Amino acid sequence: MTPLELHAATLVRELATVMVVALALGAGIPAIFAAGMRATTMGRTVSADGHSETGTMSVSGRVLSTLCFAVVALAVLCGVAFIVAGKQIMKAF
């Protein structure tokens with residue numbers, strides 16, 4: 001392999017890594033949040049006009065929504081920590 005081929009292979013690998021992380025954080029975290037919002041309606045019924053809900057949230061809905069919101073909150077906290085301590089984290093690698 002020539003140095004140029006080696007450099008191109010490394011570039012492709014790094015771009016693929018960035019794409020995977022961007023998809024996971026850019027689409028994954030909002031999708032988890034949306035699933036948590038959907039879980040808050042489990043066990044409830046919507047009125048005919050579509051504006052009000054009756055009933056209480058089911059236990060499985062409460063557990064699932066709490067889990068989803070906890071994952072999103074953890075991701076946000078990790079992101080803030082990475083921004084604040086980014087230089088120290090990058091030095092470790």
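Computed from a prediction, not measured in an experiment: that's the story for all the values here.
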Under 3.5 Å, sequence neighbours excluded: what are the donor-acceptor pairs made by side chains of residues 71-85?
none

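Taking the side chain to side chain contact (heavy atoms under 4.5 Å, CB included) definition, one finds that Met37 meets it with Phe33, Phe69, sequence neighbours left out.
Looking at Thr10 and Glu14, their side chains come closer than 4.5 Å, going by heavy atoms from C-beta outward. Contact of the Val59 side chain with the Arg62 side chain is not registered, since no non-hydrogen atoms from C-beta on lie closer than 4.5 Å.
Closest non-hydrogen pair, Met42 versus Gly61, comes out as SD-CA, 3.7 Å. When all heavy atoms are compared, the tightest approach of Thr40 to Ser65 is CG2-CB, 3.8 Å.
A salt bridge (Lys or Arg N to Asp or Glu O under 4.0 Å) check over residues 36-46, counting only residues at least two apart or in different chains, returns the pairs Arg44-Glu53.
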